[in-house]
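Since the structure comes first, as structure tokens, the remarks are kept for the end.
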Amino acid sequence: MHPDVEVLRATIRVPTVAERDPALTDPAPFEQLHALLAEHFPLLHERLERVDLGEAAPRALLWRWAGTSSDRPVVLMAHQDVVPVTPDDPWTHPAFAADVVETPEGPAIWGRGTLDDKGQLVAICTAVERLLADGLTPAQDVWLSFGADEEVSGPSAPAAVDELRRRGVEPWFVLDEGGAVAGQAFPGVGAPVAVVGATEKGTTTLSLTVTGRGGHSSTPAPKGPTARLGRALWRLDQKQFPVNVPGPTIDLLRRLAGHLPLPLRALLTGATRTPPGVLGRALVAAGPETAAMVRTTMVATTLSGAPAHNVIAARARAEVNLRIMPGESVASALDHVRDAVDDQQVAVDVVEANEPSPLSPTTEPEALGAFALLERTIADVFPDAIVTPYVMMAGTDSRFFCDICPRVYRFASLRMSKEQRASIHSFDEHVHVAAWLEGVDWYVALLRSL
């Protein structure tokens with residue numbers, strides 16, 4: 001097995017799970033991961049400036065690679081932490097074993113973090129180490145920002161932003177996880193689609209709570225807390241958010257149009273002229289991935305009720321996760337939910353709120369065109385892919401960097417099938433060895449072309 005691949009496997013075996021309460025996070029796996037990185041990337045550790053973020057983010061990693069100029073610094077991001085694995089997850093191969101499994105596409109590494117996000121972290125480090133060995137000095141300063149608590153919206157990324165702001169660093173562009181070279185990404189399109197997030201939805205969580213008297217399950221009263229909560233969730237399911245087709249989605253549809261069968265090609269070629277309602281309904285009907293491109297989504301994720309099977313709940317509670325479209329807001333989403341629930345006995349409260357990120361430019365003069373640079377580099381390394389901006393549905397640490405940079409993009413240089421994309425935050429997450437090595441080549445090409 002390629003020695004670089006063995007480094008990735010070693011990092012996958014380390015269960016770097018962060019907790020929402022930092023005091024509950026086990027520091028040992030992160031210390032082990034840092035030791036692995038120091039062992040396998042000695043030039044990176046020797047020649048780059050390590051910036052200590054102190055108590056604000058003790059496990060975060062921030063490095064500065066000095067370039068020939070500091071005028072247009074670049075920030076490359078990834079995160080060290082992974083989501084937990086539960087005993088009920090039906091993994092085909094153990095989640096933290098990093099087994100190499102033969103597939104029809106060649107060998108693949110199985111494990112939590114291969115796609116989200118150690119695959120990208122180790123690819124960046126591998127590219128930097130390779131270029132340092134070749135004697136490269138980048139044209140601009142390059143910052144590597146590897147947070148340790150992205151999955152729990154922790155303090156790593158805000159602390160890194162604060163440090164860059166303190167130093168007066170104004171990045172030319174920031175690149176984080178997000179899009180990918182996605183196979184089976186759009187109905188009717190056979191070619192892979194390299195999607196680059198030009199914005200991301202706002203990740204917001206609301207709680208729906210109903211309280212009542214409770215009591216013994218042998219004497220239930222009508223319209224108790226669980227029934228009322230269930231009705232509220234059903235109403236939300238019946239009253240989805242209206243369609244909203246933002247600029248990056250229209251651009252994506254135009255770029256894909258020539259690769260589609262004729263009936264869809266005519267509709268999407270004139271995407272700017274097609275009424276948004278017609279276009280939106282077509283994409284909603286095409287499936288959940290395309291539906292999420294054109295509206296704010298909401299789904300109940302956690303439920304709690306009575307503590308025992310023979311007790312009527314005195315308090316029933318659900319958390320509803322929303323991904324808010326650009327052009328909308330937390331306040332407008334909250335109004336929609338309350339209007340849909342239409343029940344004053346259901347308390348709707350904000351648990352966590354993040355507004356949608358600003359839209360980063362995708363058409364600029366050549367001297368400023370960070371998106372054009374990403375587009376060219378993708379075309380060079382993935383010539384079979386259609387490159388396009390899109391609205392990222394998930395949330396990333398990069399949203400915090402929008403405060404200091406107008407060009408924040410989201411792209412992981414990995415080929416991912418539809419099955420692989422479905423495994424993120426689920427079971428059987430894996431990356432193909434050839435695809436990961438190709439991803440390293442992409443970072444090498446990007447750093448050389450700055």
Side-chain angles (χ1 to χ4, degrees), residues 103-106 108 114-116 119-120 123 175 177-199 245-272 274 279-280 282-294 362-363 369 371-394 409-424 430-446 449:
T103 74
E105 296 80 17
T114 48
L115 301 176
D116 184 21
Q120 188 166 337
L175 182 66
E177 63 172 336
V181 184
Q184 305 159 287
F186 200 89
V189 177
V193 183
V195 287
V196 181
T199 182
V245 190
T249 300
I250 291 175
D251 194 1
L252 178 149
L253 298 175
R254 276 203 305 262
R255 293 180 185 226
L256 295 182
H259 302 267
L260 289 166
L262 280 175
L264 275 176
R265 187 183 306 173
L267 175 68
L268 298 188
T269 299
T272 53
T274 303
L279 192 58
L283 293 174
V284 167
E289 279 193 315
T290 51
M293 291 166 49
V294 293
T362 57
T363 55
F371 186 85
L373 171 64
L374 299 176
E375 191 172 19
R376 286 196 304 272
T377 311
I378 293 169
D380 287 344
V381 178
F382 305 101
D384 58 328
I386 306 162
V387 187
T388 179
Y390 87 123
V391 176
M392 185 177 168
M393 272 73 88
Y409 302 102
R410 302 141 186 98
F411 175 72
S413 58
L414 298 172
R415 293 183 185 269
M416 297 186 199
S417 66
K418 190 172 186 177
E419 176 190 23
Q420 285 174 292
R421 298 194 300 278
S423 73
I424 296 173
H430 63 281
V431 66
H432 291 99
V433 169
W436 184 78
L437 291 171
E438 197 176 24
V440 174
D441 291 341
W442 187 83
Y443 279 108
V444 169
L446 177 68
S449 65

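Rounding to the nearest 0.5 Å gives a distance of 10.5 Å between CE of Met293 and CD1 of Ile250. The distance from the CG atom of Leu374 to the OG1 atom of Thr362 is 11.5 Å, given to the nearest 0.5 Å. Distance CD/Glu105 to NE2/His430: 7.5 Å, rounded to 0.5 Å.
Judged purely by atom type and a 3.5 angstrom limit, Arg421 uses its side chain to pair as donor or acceptor with the backbone of Met416. Between the side chain of Trp442 and the backbone N or O of Val381 there is no donor-acceptor pair closer than 3.5 Å.
At least one side-chain heavy atom of Pro389 sits under 4.5 Å from a side-chain heavy atom of Arg255. Side-chain contact between Glu438 and Ser413: absent, with no pair of heavy atoms (C-beta onward) separated by less than 4.5 Å. The closest side-chain heavy-atom distance from Thr388 to Leu253 is not below 4.5 Å. At least one side-chain heavy atom of Leu115 sits under 4.5 Å from a side-chain heavy atom of Ser423.
A pairwise comparison of heavy atoms in Tyr409 and Ala198 identifies CD2-CA, 4.4 Å as the closest pair. Between His432 and Ala108, the shortest heavy-atom contact is CD2-CB, 3.7 Å. For Thr377 against Ser449, the heavy-atom pair with the smallest separation is OG1-OG, 3.8 Å. Nearest heavy-atom pair across Gly178 and Arg410 is CA-CB, 3.9 Å. The nearest pair of heavy atoms linking Leu414 to Trp436 is CD2-CA, 3.8 Å.
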Requested in this report: Decide salt bridge (Lys or Arg N to Asp or Glu O under 4.0 Å) for Arg376 and Asp380; before the verdict, give the C-alpha distance in whole Å, the side-chain angles of both, and the deciding distance to 0.1 Å.
Outcome: CA-CA 6 Å; Arg376 286 196 304 272; Asp380 287 344; over 6 Å; no
Requested in this report: Determine, step by step, whether Glu177 and Asp116 satisfy the side-chain contact (heavy atoms from CB on, under 4.5 Å) criterion, reporting the C-alpha distance in whole Å, the side-chain angles of both residues, the deciding distance to 0.1 Å, and the verdict.
Outcome: CA-CA 8 Å; Glu177 63 172 336; Asp116 184 21; 3.1 Å; yes
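Of the options Val193, Thr199, Val195, a side chain to side chain contact (heavy atoms under 4.5 Å, CB included) to Tyr390 is made by Val195 and by none of the others.
Under the side-chain contact (heavy atoms from CB on, under 4.5 Å) criterion, Asp441 pairs with Arg130, not counting sequence neighbours. Partners of Ala194 by side-chain contact (heavy atoms from CB on, under 4.5 Å), not counting sequence neighbours, listed by chain and number: Val181, Ile378, Ala385, Val387, Phe411. For Asp384, the side-chain hydrogen bond (donor to acceptor under 3.5 Å, both in side chains) test picks out Arg415, with sequence neighbours left out.
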